[in-house]
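Here is the structure we will look at, set down as structure tokens.
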Amino acid sequence: MLVNAKNMLDAAEAGHYAVGAFNTNDLEWCKSILQAAQETNSPVIVQCSMSAATYQTGYKTVSDLVHSVYKAMDITVPVALHLDHGTYEACLACIDAGFTSVMYDGSHEDSFETNLSKTKELVKICHNKGVSIEAEVGSIGGTEDGVTGTGECADPEECATIAETGVDFLAAGIGNIHGLYPVNWEGLRFDVLEAIKAKTGDLPLVLHGGTGIPDDQIKKAINLGIAKINVNTELQVAFCDATVAYIEAKKHEAEKGFDPRKLLKDGAQAIVDKTAEKIELFGSDNKGWA
């Protein structure tokens with residue numbers, strides 16, 4: 001059975017490593033992420049944004065797919081199915097659809113008080129259902145599901161207040177952004193991360209926008225309390241590059257090279273390879289018991 005993400009992230013926080021949360025977009029993504037996790041003996045979070053769920057025809061389709069592939073591949077490492085950047089309504093829908101974890105992104109609400117009150121409500125609902133919940137303070141930069149954040153840093157006091165709601169893990173802006181990082185990006189604000197950690201204790205913290213952050217900054221962030229790292233764009237780029245190379249090599253012109261099972265094979269393997277690379281960087285390999 002799939003599990004919620006609480007135990008694996010509590011173990012990561014205590015053990016000073018991070019669990020990768022990799023966004024799925026379709027069958028190839030789901031299979032590849034699970035394959036990489038199994039091969040590296042790592043716990044993993046398969047997550048899906050609202051728009052990616054719409055693309056796949058809905059939350060129930062995503063849930064059924066991940067549950068079925070998990071069972072068919074005989075996966076033995078802990079796997080959570082998580083909603084990425086969900087609204088209040090999306091969180092409820094995903095709980096009903098069989099997701100084992102959700103993220104309520106209240107950072108774009110009209111006020112911090114609204115974020116706080118809805119987070120409190122969802123914590124009660126989720127915990128009654130055995131579902132883990134992530135909250136967010138401080139908008140993450142870049143664009144996610146049509147919502148653009150400027151990347152402002154979270155207020156440590158607000159983080160402490162949200163932590164008191166009983167959330168299982170917390171995303172806090174520390175200068176990170178979604179998508180590819182610009183050349184003039186100033187890097188992660190470790191002073192802010194340290195201040196947030198001082199206020200939130202052993203609560204696992206989440207780093208969004210994991211694509212493109214230098215390895216040394218990733219490792220330092222983990223040492224300072226980051227226990228979940230989100231990766232989406234990097235897998236998309238790896239898939240795209242491998243698929244383009246297949247076409248440029250004219251492999252699609254070989255016998256039945258246009259068959260999607262052949263056309264997408266190199267791209268799918270690129271997802272496996274990149275996911276395994278990230279798992280090893282995050283230090284969750286051989287932690288499949290978590």
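Values in this document were obtained by computation on a predicted structure and should not be read as measured data.
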Steps toward side chain to side chain contact (heavy atoms under 4.5 Å, CB included) verdict (Phe22, Asn232): CA-CA 6 Å; Phe22 302 96; Asn232 182 20; over 6 Å; no
Chi angles and distances behind the side chain to side chain contact (heavy atoms under 4.5 Å, CB included) call for Phe112, Asp155: CA-CA 11 Å; Phe112 174 73; Asp155 181 336; over 6 Å; no
Verdict with reasoning, Ser42 to Asn286, per side chain to side chain contact (heavy atoms under 4.5 Å, CB included): CA-CA 6 Å; Ser42 171; Asn286 296 315; over 6 Å; no
Residue pair Leu92, Leu122: steps toward the side chain to side chain contact (heavy atoms under 4.5 Å, CB included) verdict: CA-CA 8 Å; Leu92 297 180; Leu122 284 170; 3.9 Å; yes
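Summarising the hydrophobic clusters (Ile, Leu, Val, Met, Phe, Trp, Tyr; side-chain heavy atoms under 4.5 Å, direct or chained), the residues clustered with Tyr55 are none. Connectivity analysis of hydrophobic side chains (ILVMFWY, heavy atoms under 4.5 Å, direct or indirect) links Phe169 to Val3, Met8, Leu9, Tyr17, Val19, Ile45, Val206, Trp289.
The side chain to side chain donor-acceptor pair (under 3.5 Å) search around Asp105 returns His85, Ser107, not counting sequence neighbours. Listed by chain and number, the residues in a salt bridge (charged side-chain N to carboxylate O under 4.0 Å, His left out) with Glu158 amount to none (sequence neighbours excluded). Not a single side chain to side chain donor-acceptor pair (under 3.5 Å) links Glu280 to another residue, sequence neighbours left out. For Gln56, the side chain to side chain donor-acceptor pair (under 3.5 Å) criterion is met by no residue, not counting sequence neighbours. The side chain to side chain contact (heavy atoms under 4.5 Å, CB included) search around Glu28 returns Asp26, Leu264, Ala268, not counting sequence neighbours.
Defined by atom type and a distance below 3.5 Å, a donor-acceptor pair is missing between the side-chain atoms of Thr54 and Ser51. A side-chain N or O of Asn23 and one of Gln47 form a donor-acceptor pair less than 3.5 Å apart. Side chains of Tyr104 and Glu136: no donor on one and acceptor on the other come within 3.5 Å. Residues Asn115 and Thr119 have side chains that bring a donor and an acceptor to within less than 3.5 angstrom of each other.
Across Gln236 and Trp29, no two heavy atoms sit closer than the pair CA-CZ2, 3.9 Å. Leu235 approaches Lys274 most closely through the heavy-atom pair CD2-CG, 3.6 Å. Across all their heavy atoms, Ala276 and Thr40 have their closest contact at CB-CG2, 3.9 Å. The two residues Val44 and Leu34 come nearest to each other via the heavy atoms CG1-CD2, 4.4 Å. Nearest heavy atoms, Ile229 versus Ile218: CD1-CG2, 3.9 Å. Considering every non-hydrogen atom in both Lys6 and Asn4, the closest pair reads N-OD1, 3.1 Å.
Here the CD-CG distance, from Glu39 to Asp273, works out to 8.5 Å after rounding to the nearest 0.5 Å. To the nearest 0.5 angstrom, Thr76 atom OG1 is 7.0 Å from Asn41 atom CG. Distance check, rounded to the nearest 0.5 Å: CD1 of Ile75 to CD1 of Ile33 gives 11.5 Å. Distance CG/Leu205 to CD1/Ile226: 5.0 Å, rounded to 0.5 Å. Taken from CG in Asp84 to SG in Cys48, the straight-line distance is 8.5 Å, to the nearest 0.5 Å. Note that CD1 of Ile271 is 10.0 Å distant from CD of Gln269, once rounded to the nearest 0.5 Å.
Cluster membership for Val69 and Ile279, using ILVMFWY side-chain heavy atoms within less than 4.5 angstrom, is shared. Leu81 and Met103 fall into different hydrophobic clusters, where Ile, Leu, Val, Met, Phe, Trp and Tyr residues are linked whenever their side-chain heavy atoms come under 4.5 Å apart, directly or through other members. In the hydrophobic clustering of ILVMFWY residues, with side-chain heavy atoms under 4.5 Å counting as a link, Val272 and Phe282 come out apart.
The side-chain hydrogen bond (donor to acceptor under 3.5 Å, both in side chains) analysis of residues 57-68, with sequence neighbours excluded, yields the pairs Thr57-Thr61, Lys60-Asp64, Ser63-His67. Among pairs with a residue in residues 256-266, those fulfilling side-chain hydrogen bond (donor to acceptor under 3.5 Å, both in side chains) read Asp259-Arg261, at least two apart in sequence or across chains.
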Show which side-chain atoms of residues 192-201 pair as donor or acceptor with protein atoms under 3.5 Å away, not counting sequence neighbours.
from, atom 1, to, atom 2, distance (Å)
Lys197, NZ, Glu13, OE2, 2.8
Lys197, NZ, Gly201, O, 2.8
Lys197, NZ, Leu203, O, 3.3
Lys199, NZ, Glu157, OE2, 2.8
Thr200, OG1, Ile196, O, 2.9

Taking distance alone, no hydrogens or angles, what donor-acceptor pairs closer than 3.5 Å link side-chain atoms of residues 124-133 to residues at least two apart or in another chain?
from, atom 1, to, atom 2, distance (Å)
His127, NE2, Asp168, OD1, 3.3
His127, NE2, Asp168, OD2, 3.0
Asn128, ND2, Lys124, O, 3.1
Ser132, OG, Ala5, N, 3.0
Ser132, OG, Ser101, OG, 2.6

Show which side-chain atoms of residues 238-255 pair as donor or acceptor with protein atoms under 3.5 Å away, not counting sequence neighbours.
from, atom 1, to, atom 2, distance (Å)
Thr243, OG1, Phe239, O, 2.8
Tyr246, OH, Gly257, O, 2.7

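Of the possible polar contacts, none joining the Ser284 side chain to the Lys287 backbone as a donor-acceptor pair under 3.5 Å is found. Without hydrogens or angle criteria, Ser117 side chain to Thr114 main chain gives a donor-acceptor distance under 3.5 Å. Here the side chain of Tyr70 pairs a donor or acceptor atom with the backbone of Met1 at under 3.5 angstrom.
Residues Gln38 and Asp74 form no side-chain contact, since every pair of their non-hydrogen atoms from C-beta on lies 4.5 Å or further apart. Taking 4.5 Å as the limit, some side-chain heavy atom of Cys159 sits within range of a side-chain heavy atom of Leu170. Ile95 is not listed as a side-chain neighbour of Phe99, based on a closest heavy-atom distance of 4.5 Å or more. In this structure the side chain of Met50 reaches within 4.5 angstrom of the side chain of Thr87, judged on heavy atoms. You'll find the side chain of Val77 reaches within 4.5 Å of the side chain of Val79, heavy atoms only. Side-chain atoms of Gln35 and Thr275, non-hydrogen and from C-beta on, never get closer than 4.5 Å to each other.
The pair Glu121-Lys118 fails the salt-bridge criterion, with no side-chain N (NZ, NE, NH1 or NH2) lying under 4.0 Å from an Asp/Glu carboxylate O. Salt bridge status for Asp215 with Lys219: absent, with no side-chain N to carboxylate O gap under 4.0 Å.
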